[in-house]
2 protein chains.
Amino acid sequence: MLESTCPVGRTLELLEGKWTLLIVNELLGGVKRFGQLRRSLHPISQKILTERLRALEERGVVKRTIYSEIPPHVEYQLTEHGQRLRTIFATMKAWELTAESNSRSQ
Amino acid sequence: MLESTCPVGRTLELLEGKWTLLIVNELLGGVKRFGQLRRSLHPISQKILTERLRALEERGVVKRTIYSEIPPHVEYQLTEHGQRLRTIFATMKAWELTAESNSRSQ
DNA sequence: CAGAATCCTTGAAGATACTG
DNA sequence: CAGTATCTTCAAGGATTCTG
C-alpha cells in the first residue's frame, strides 16, 4: 500500500488495518489464546482476527503456538521483535500528550 | 476508525490514509506549494491530496498559508507539533532496521 | 494555480454457515 | 476451540470535469 519511497512505510504497512494495532496492544499484555483475543477485541470477527494474526506472524511480529489437543488450543504472543514495538507506542503516546496544547497553535 | 481503547489510536488515526505518511514526509523537507506536492507525490489525485492536507490541518499538524494573488498561491508547512512527528519516524525507522535479522526468528 | 463537485471502482471489513 | 469458505456491504481512493 505504501510506496517504499517513504522510509517508514513498512512499519505503517504492518500496523495497517482497523484492528491490527488493537491486537498488538492486547498481546503486549502477554500470551493470549485465540478465543481470549476474540473476547477482548469484541466485536471483531473471526475472519479479521485470523487474517491480521497471520499477517503479523508473517512479518515476524507474532508467534503462533499450536498445542495438538482436542479441543484445539492455540496461543499467540509477540516475538522479541514485536515486543520492540513498545518503543514506537511509547513515542506515539508521548507525541499525543503534547497534542492538546499545540494543535491549532502556530 | 480506531477505538479509543488503544492509547496510540489517535496517532494512527492521524497517519491513516494511503498517502498521509508520504505527505508528511514531503513536508518534513520544508515549505511546499500545492502543485509542488502533487508533482512530488505523483500520481496522487488532487482530491486525495486536498482531503489529506485538510485533515492534517484540522489536527494541527499542517499549516496552510494562502497568498491572495492571481494565480492563487498556497503554501503548506508542518506546525511545530507536526515537526515533532520526526521523532516517531525515527523510532519506526530504527525498528525497521532490526527487522531483517529478527523476522522469522524465535 | 489550487481547488470543488461528481461519479465510479475496489478492496478491507463484516455477516453467516460449516468443520477438523 | 480455532479456524475456513462465501457472500455482502461500505467507504477510501481514483478519474474526470468545471471554476474563482
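Keep in mind that the numbers below use all heavy atoms, side chains included, and drop hydrogens, waters and symmetry copies. Letters A, B, ... mirror the listed sequences (proteins, then strands); counts begin at 1.
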**Q** Atom pairs, N/O to N/O, protein against nucleotides 9-11 of chain C, distance under 3.5 Å?
**A**
none

**Q** With side-chain contact (heavy atoms from CB on, under 4.5 Å) as the test, pick out the partner of A/Y76 among A/I23, A/V31, A/L37.
**A**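 Among A/I23, A/V31, A/L37, the one meeting side-chain contact (heavy atoms from CB on, under 4.5 Å) with A/Y76 is A/L37.
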
**Q** The side chain of A/T50 is closest to which nucleotide in this list: D/dG13, C/dC1, D/dG3?
**A**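 Selected nucleotide (nearest to the side chain): D/dG3.
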
**Q** So how far off straight is the helix from C/dC1-D/dG20 to C/dG20-D/dC1, going by the axes through five pairs at either end, to 10°?
**A**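 It works out to 50° between the end axes.
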
**Q** Can you find a pair of side-chain heavy atoms, one from A/V62 and one from A/L78, that are under 4.5 Å apart?
**A** yes

**Q** Measure from NE2 on B/H42 to P on D/dG14 and round the result to the nearest Å.
**A** 12 Å

**Q** Could you state the interatomic distance from CZ (B/R64) to CD (B/E58), rounded to the nearest 0.5 Å?
**A** 12.5 Å

**Q** Taking C-beta and beyond as the side chain, do B/L12 and A/L15 meet within less than 4.5 Å on heavy atoms?
**A**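 Yes, close enough: below the 4.5 Å cut-off.
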
**Q** Applying a strict under-4.5 Å side-chain criterion to I, L, V, M, F, W and Y, I'd like to know whether B/L53 and B/Y67 cluster together.
**A**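 They do not share one cluster, since no chain of ILVMFWY contacts under 4.5 Å joins B/L53 to B/Y67.
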
**Q** Under 4.0 Å, heavy atoms only, any strand: does B/Y67 hit a base, just the sugar-phosphate, or nothing?
**A** nothing

**Q** Taking the side chain as everything from C-beta on, heavy atoms only, tell me whether A/R10 gets closer than 4.5 Å to B/M92.
**A**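 No - every pair of side-chain heavy atoms lies 4.5 Å or more apart.
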
**Q** Is the shortest side-chain N/O distance from A/Y76 to OP1 or OP2 of D/dG3 below 4.0 Å?
**A** yes

**Q** Just N and O in the side chain of B/W19: are any of them under 4.0 Å from OP1 or OP2 of D/dA12?
**A** no

**Q** For A/L49 and D/dG3, give me the distance from atom CG to atom C1', rounded to whole Å.
**A** 10 Å

**Q** Verify the cluster assignment for B/L28 and B/L22: are they in a single hydrophobic cluster under the rule of side-chain heavy atoms below 4.5 Å apart?
**A**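 Yes: a chain of side-chain contacts under 4.5 Å links B/L28 to B/L22.
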
**Q** Walk along nucleotides 15-20 of chain C from 5' to 3' and tag each nucleotide B, S or - by protein heavy-atom contact under 4.0 Å, base first, then sugar-phosphate.
**A** B-B--B

**Q** So, B/R52 side chain and B/E16 main chain: donor-acceptor pair closer than 3.5 Å or not?
**A** yes

**Q** Between C/dG3, D/dA2, C/dA13, which nucleotide has the shortest distance from any of its atoms to the side chain of A/I48?
**A**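 That would be C/dA13.
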
**Q** Quick check for you: among D/dG3, C/dA13, C/dG3, whose closest atom lies nearest to any side-chain atom of B/R64?
**A**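 Looking only at heavy atoms from C-beta outward on B/R64, the closest nucleotide is C/dG3.
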
**Q** Taking a hydrophobic cluster as the set of Ile, Leu, Val, Met, Phe, Trp and Tyr residues connected by side-chain heavy atoms closer than 4.5 Å, whether directly or through intermediates, do A/F34 and A/I70 fall within one such cluster?
**A**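 In one cluster with A/F34: A/I70, no.
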
**Q** In this structure, how many angstroms lie between the C1' atom of C/dA13 and the CD atom of A/E51, rounded?
**A**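 Rounded to the whole Å, the gap is 8 Å.
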
**Q** Do the non-hydrogen side-chain atoms of B/T87 and A/W95 ever get within less than 4.5 Å of each other?
**A** no

**Q** By a strict heavy-atom criterion of less than 4.0 Å, which residues belonging to residues 32-39 of chain A are in contact with DNA chain C?
**A**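 Hits under 4.0 Å, by residue number: none.
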
**Q** Could you tell me the separation between the CD atom of A/E75 and the P atom of D/dG3, rounded to a whole number of Å?
**A**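 From A/E75 CD to D/dG3 P: 12 Å.
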
**Q** List for me each residue that meets side chain to side chain donor-acceptor pair (under 3.5 Å) alongside B/Q46, sequence neighbours excluded, and say none if there are none.
**A** none

**Q** Just how far, in rounded Å, is C1' of D/dA12 from CD1 of B/I23?
**A**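 So the two atoms are 14 Å apart, to the nearest Å.
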
**Q** If I take atom CD1 in residue A/I44 and atom P in nucleotide C/dG14, what distance separates them, rounded to the nearest angstrom?
**A** 7 Å

**Q** OP1 or OP2 of C/dA4 less than 4.0 angstrom from a side-chain nitrogen or oxygen of B/R54, does that happen here?
**A**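 Looking at the OP1 and OP2 atoms of C/dA4, one of them is under 4.0 Å from a side-chain N or O of B/R54.
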
**Q** Rounded to the Å, how far apart are A/K18 NZ and D/dT9 C1'?
**A**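 Between C1' of D/dT9 and NZ of A/K18: 12 Å.
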
**Q** Is the shortest heavy-atom distance from the side chain of B/H81 to the side chain of B/R59 under 4.5 Å?
**A** no

**Q** Answer yes or no: is there a side-chain heavy-atom contact under 4.5 Å between A/E96 and A/K93?
**A**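 Side chain of A/E96 against side chain of A/K93, heavy atoms only: no contact under 4.5 Å found.
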
**Q** Quick one: side chain to side chain donor-acceptor pair (under 3.5 Å) partners of B/Q83, sequence neighbours excluded?
**A** B/R86

**Q** Test your reading of the model: is there a side-chain donor-acceptor pair from A/R84 to the backbone of A/T79, 3.5 Å cut-off?
**A**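 Checking the backbone N and O of A/T79 against the side chain of A/R84, no donor-acceptor pair under 3.5 Å is found.
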
**Q** Using atom CG of B/L53 as one end and atom P of D/dG13 as the other, report the distance to the nearest whole Å.
**A**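 It works out to 13 Å between those atoms.
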
